[in-house]
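Values in this document were obtained by computation on a predicted structure and should not be read as measured data.
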Number of protein chains: 2
Amino acid sequence: MGPGPINADPRVLRAMSAQLVGQFDPAMTGYMNETMALYRGVFRTANAATMLVDGTSRAGIEAALVSLIEPGDRVLVPIFGRFGHLLREIATRCGADVHVREVPWGTVFTAAALEQAVAETRPALVAVVHGDTSTTLAQPLDELGAICARHGALLYADVTGTLGGNDVDVDGWGLDAATAGLQKCLGGPSGSAPITLSTRAVAVLDARRSIEAGLRDEGDRIAASPIRSNYLDLAMILDYWGERRLNHHTEAGSMLYAARECARILLEEGLDAAVERHRLHGAAMAAGLRGLGLTLFGDQSARMTNVVGVEIPAGIDGDGARAAMLTDFGIEIGTSFGPLHGRIWRIGTMGYNARRDAVLTTLAALEQVLRRGGHAVTAGGGVGAALEAYAA
Amino acid sequence: MGPGPINADPRVLRAMSAQLVGQFDPAMTGYMNETMALYRGVFRTANAATMLVDGTSRAGIEAALVSLIEPGDRVLVPIFGRFGHLLREIATRCGADVHVREVPWGTVFTAAALEQAVAETRPALVAVVHGDTSTTLAQPLDELGAICARHGALLYADVTGTLGGNDVDVDGWGLDAATAGLQKCLGGPSGSAPITLSTRAVAVLDARRSIEAGLRDEGDRIAASPIRSNYLDLAMILDYWGERRLNHHTEAGSMLYAARECARILLEEGLDAAVERHRLHGAAMAAGLRGLGLTLFGDQSARMTNVVGVEIPAGIDGDGARAAMLTDFGIEIGTSFGPLHGRIWRIGTMGYNARRDAVLTTLAALEQVLRRGGHAVTAGGGVGAALEAYAA
């Protein structure tokens with residue numbers, strides 16, 4: 001019940017125990033095509049360039065940034081938590097001229113502030129986190145695509161924390177690139193990064209494409225500004241997933257099975273139903289924590305559905321309580337980073353764990369741990385408030 | 001029965017269906033420490049810095065090169081097949097001043113030629129493929145470490161194709177960095193890259209370490225020449241696997257279970273026994289192919305144990321025969337790249353497929369496919385020759 005990674009759905013675990021097939025076996029390329037189609041549904045996009053990067057969600061972020069950013073490009077990063085700092089860090093390593101705007105952790109940007117920042121910095125690319133699990137807040141993105149389009153900037157969003165359990169609308173919002181991982185609302189293991197790219201983003205890649213020595217044909221151009229990474233070169237990864245099927249990495253077969261099963265489960269349930277399920281159980285958890293007399297962290301109107309921050313009460317040893325939750329009840333909850341380390345816990349309700357029994361058991365256990373830690377709690381206050389939230 | 005990826009060992013597939021635990025759960029960090037110890041055994045090394053990179057074998061290669069190469073560094077790449085070209089490509093993207101030496105595909109370098117090349121180019125790093133599956137040959141590396149040490153160069157070797165089924169002796173040969181994947185002799189899926197680094201290599205990383213914004217303490221230095229990648233920054237990955245346990249990527253739990261199980265299976269069998277098994281079944285396959293009247297490709301004295309190249313006989317449609325093997329017998333064999341595409345088939349006997357029944361069934365099927373393709377073959381010639389090899 002941490003902020004992710006979380007328990008995987010048992011169906012996903014079983015999918016990974018299927019035997020492998022060859023990398024260019026028609027069965028395998030069929031699974032790849034199926035996976036592309038499934039993730040178009042998950043991302044709500046018609047983008048042909050929708051596929052997997054073989055690495056964790058961080059590999060997906062770096063693939064997007066290193067492939068879209070040419071050294072010297074101006075990049076704007078609005079930061080409202082730790083993962084915004086990560087985007088800044090990666091963009092800097094890509095050689096970008098990075099400009100940042102920051103708001104205090106626990107808040108998000110207004111659309112007007114974002115537009116002003118874009119107008120002031122005139123970036124080639126805006127890179128933003130959608131849901132920053134470090135603060136549990138989600139930056140509303142429904143207006144940012146139009147802002148970027150007006151100012152001629154590409155828009156990249158890291159939707160790792162939100163995809164599948166919060167509204168994410170790639171085409172509706174005008175995102176040019178979005179990347180995720182499986183280990184949050186998708187209910188799978190870390191290690192595969194779904195990605196989608198608009199035609200505008202693909203045009204940038206097309207201009208930077210360089211086919212590697214040993215695979216190059218006579219007619220293949222060499223790019224003026226080749227992508228600095230080979231492994232995370234999205235132009236090459238597209239040539240592998242696309243019709244040309246040019247050899248690049250050896251697709252991680254078991255992780256592809258996992259990613260495919262995550263999307264199948266999600267689309268069987270229905271995206272809207274899955275988001276609503278996350279909203280329901282997240283709200284019940286939040287109500288239960290308040291029912292235990294605890295104070296929630298941050299602007300609750302911008303909170304992610306799938307994770308809630310709660311202030312560690314005075315007098316309670318935060319790490320000791322987390323250890324007791326894990327050791328005595330087998331339940332993991334998280335702390336946070338930087339200014340919030342030791343100040344808040346983060347409790348997740350996502351993917352396979354966005355369930356009534358998981359919420360109520362966590363609240364029951366936390367009540368016991370708080371009481372034994374010397375904090376006064378109303379008996380049944382957490383579970384009772386959560387049950388009321390469910391009843392409403 | 002291709003050159004890899006191949007069928008995974010069923011034990012590895014089952015290991016991946018185990019439930020996940022949190023990233024910093026003591027159970028998980030325990031598995032990480034166990035995995036480090038296991039791979040020290042697999043690589044035959046005492047290197048403390050032995051761990052996994054979360055990506056395919058290509059991610060491991062790029063992690064080693066981008067972390068060890070500073071832009072402008074002179075790098076020597078001896079090339080004897082397609083994957084040597086890949087090292088050149090990646091080193092170039094890392095900003096290295098790359099010098100290459102090439103020998104015809106199907107041959108390898110003498111130690112004298114390597115020493116001359118090192119003396120002429122005075123590189124900071126020599127990057128070489130051990131077994132280049134594109135040609136099926138393995139470059140002997142037992143003298144190269146001493147050569148590099150004499151000339152003050154670091155030595156990196158890509159042992160993806162060979163580890164676990166051919167002699168690989170990281171400490172004995174003086175390799176400073178070696179990377180692999182699971183999808184060859186280790187009998188697992190692609191998607192995790194074991195890596196080991198000598199203390200000399202770690203010293204290079206220490207000089208380039210930069211801890212990312214949001215995790216940095218007051219005393220943490222900022223490097224003069226930071227590593228260009230965040231995801232593949234081995235200094236950061238070491239800080240995550242090491243005692244400091246600094247958050248970096250979210251470890252790919254299921255792939256870690258797979259990597260751990262691959263190593264457990266291998267060390268239970270014994271490294272020497274596993275290499276001997278690959279040698280036995282590889283030799284039987286080679287004998288069987290000759291028994292079918294086919295000609296083996298390349299310098300057989302330098303052939304990898306686990307894959308053999310065989311010339312496609314005149315009059316046979318190579319891709320048609322491969323399709324018949326797959327469709328009619330459920331057996332995959334490979335073609336090759338570049339100058340060898342359509343000229344040779346590559347047949348693997350590795351990992352879980354280094355088995356007598358797999359060898360004999362493949363030879364029996366190939367005989368049928370060749371005959372139906374109009375090529376004259378002695379009935380039973382392949383299986384008979386393989387059985388004789390086994391009997392000897």
Side chain, backbone, both or neither: which part of A/Gln19 has an atom under 4.5 Å from a heavy atom of chain B?
both
Which atom pair, heavy atoms only, marks the closest approach of A/Thr56 to B/Thr250?
CG2-O, 3.3 Å
Largest heavy-atom contact set with chain B, pairs under 4.5 Å, which of A/Cys94, A/Gly253, A/Ala8
A/Ala8
Please determine, among B/Ser254, B/Gly81, B/Gly55, the option with the most heavy-atom pairs under 4.5 Å with chain A.
B/Ser254
Residue, of A/Glu332, A/Arg14, A/His249, that accumulates the most heavy atom pairs under 4.5 Å with chain B:
A/His249
Less than 4.5 Å to any heavy atom of chain B: does that hold for the side chain of A/Ala258, its backbone, both, or neither?
neither
Which value, rounded to the nearest 0.5 Å, describes the distance between B/Gln183 atom CD and A/Gln23 atom CD?
8.5 Å
Give the interface residues of residues 345-353 of chain A toward chain B, defined by a heavy-atom separation under 4.5 Å.
none
Can you tell which of B/Leu182, B/Leu13, B/Leu232 has the highest number of heavy-atom pairs within less than 4.5 Å of chain A?
B/Leu13
Please examine the side chains of A/Val21 and B/Asn7, heavy atoms only from C-beta on, and report whether any two atoms are closer than 4.5 Å.
no
Side-chain contact test, heavy atoms from C-beta onward, threshold under 4.5 Å: evaluate it for A/Arg82 versus B/Asn247 and give yes or no.
yes
Note, B/Pro189 side chain near A/Leu20 side chain (heavy atom, < 4.5 Å)
yes
Do A/Arg93 and B/Asp233 meet the salt-bridge criterion of a basic N to acidic O distance under 4.0 Å?
yes
Bottom line for A/Ile6: the part with an atom under 4.5 Å from chain B's heavy atoms is backbone
When you compare the side chain of A/Ile61 with that of B/Tyr231, does any pair of heavy atoms fall below 4.5 Å?
no
Return the option, out of B/Gly22, B/Ser57, B/Pro5, B/Ala59, with the maximum number of heavy-atom pairs under 4.5 Å with chain A.
B/Ala59
CE-CE distance between A/Met255 and B/Met255, expressed to the nearest 0.5 angstrom
7.5 Å
Is B/Ala323 in contact with chain A via its backbone, its side chain, both, or neither, using a 4.5 Å heavy-atom distance?
neither
Given A/Leu326, A/Asp54, A/Ile227, the one with more heavy-atom pairs under 4.5 angstrom with chain B than any other is A/Ile227
Determine whether A/Ser229 and B/Glu62 satisfy the following criterion, side-chain hydrogen bond (donor to acceptor under 3.5 Å, both in side chains), listing intermediate values before the conclusion.
CA-CA 8 Å; A/Ser229 171; B/Glu62 186 162 321; 2.5 Å; yes
Beyond-backbone contact of B/Arg58 with A/His248, side-chain heavy atoms, under 4.5 angstrom:
yes
Heavy atoms only: give me the nearest A/Ala252-B/Gly191 pair and the separation to one decimal.
CB-CA, 3.8 Å
